[in-house]
Amino acid sequence: MRYGFEVLVSLKPGLLDPQGKAVEGSLPALGWTNVAGVRVGKHIALTVEAADAASARAQVEQMAERLLSNPVIEDFQILAAEELVE
């Protein structure tokens, strides 16, 4: 079976996020003066072929820990898992 996942990678709380600050600093110029706390991260979508959803998710978790994120400075979340119908 094929399973779809989304992985969100973000900087750990408390770390400086210059890209997020740049976005936050630009939003008022475009009229959005009511926004604060902007953080920028990565969204990674992938499809894994595995015997079952648990096995596929375990593989994605290993990918996120070993390749998709830098565990020293980043956290990750696996947001969705769904069985893909072809």
Side-chain angles (χ1 to χ4, degrees):
M1 301 296 282
R2 294 166 39 108
Y3 300 91
F5 292 90
E6 296 178 3
V7 179
L8 281 185
V9 179
S10 58
L11 288 171
K12 290 186 174 184
L15 289 179
L16 184 63
D17 180 357
Q19 192 173 6
K21 285 294 180 195
V23 170
E24 186 175 314
S26 297
L27 288 172
L30 298 172
W32 290 287
T33 58
N34 59 338
V35 180
V38 176
R39 304 285 286 177
V40 174
K42 297 182 279 189
H43 171 255
I44 302 155
L46 47 93
T47 301
V48 177
E49 189 163 328
D52 55 59
S55 174
R57 186 178 180 90
Q59 290 180 57
V60 172
E61 191 161 328
Q62 288 183 8
M63 291 175 208
E65 289 173 353
R66 297 176 62 193
L67 178 67
L68 304 177
S69 71
N70 178 344
V72 174
I73 62 170
E74 295 174 321
D75 291 326
F76 68 86
Q77 292 178 297
I78 299 172
L79 292 181
E82 61 184 51
E83 185 176 319
L84 299 177
V85 178
E86 295 180 35

Joint hydrophobic cluster, [X] plus [Y], side-chain heavy atoms closer than 4.5 Å:
| X | Y | answer |
| --- | --- | --- |
| L11 | L8 | no |
| L16 | V40 | no |
| V60 | M1 | yes |
| I44 | M63 | yes |

Which heavy atom of [X] sits nearest a heavy atom of [Y], and at what distance?
| X | Y | answer |
| --- | --- | --- |
| P71 | S69 | CD-O, 3.4 Å |
| Q59 | A50 | NE2-CB, 3.8 Å |
| F5 | A53 | CZ-O, 4.3 Å |

S10 vs D17 side-chain heavy atoms within contact, under 4.5 Å: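 A side-chain contact is absent here, since even the closest heavy-atom pair is not under 4.5 Å.
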
Do side-chain atoms of [X] reach the backbone of [Y] as a donor and acceptor pair under 3.5 angstrom?
| X | Y | value |
| --- | --- | --- |
| E6 | L79 | no |
| E74 | N70 | yes |
| K42 | L68 | yes |
| R57 | D52 | no |

Supply the atom-to-atom distance [X] [atom1] to [Y] [atom2], rounded to the nearest 0.5 angstrom.
| X | Y | atom1 | atom2 | result |
| --- | --- | --- | --- | --- |
| R39 | E24 | CZ | CD | 10.0 Å |
| N34 | L27 | CG | CG | 9.0 Å |
| I73 | K12 | CD1 | NZ | 9.0 Å |

CD/Q19: more than 12 non-hydrogen atoms of other groups inside 6.0 Å: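 12 or below, so no.
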
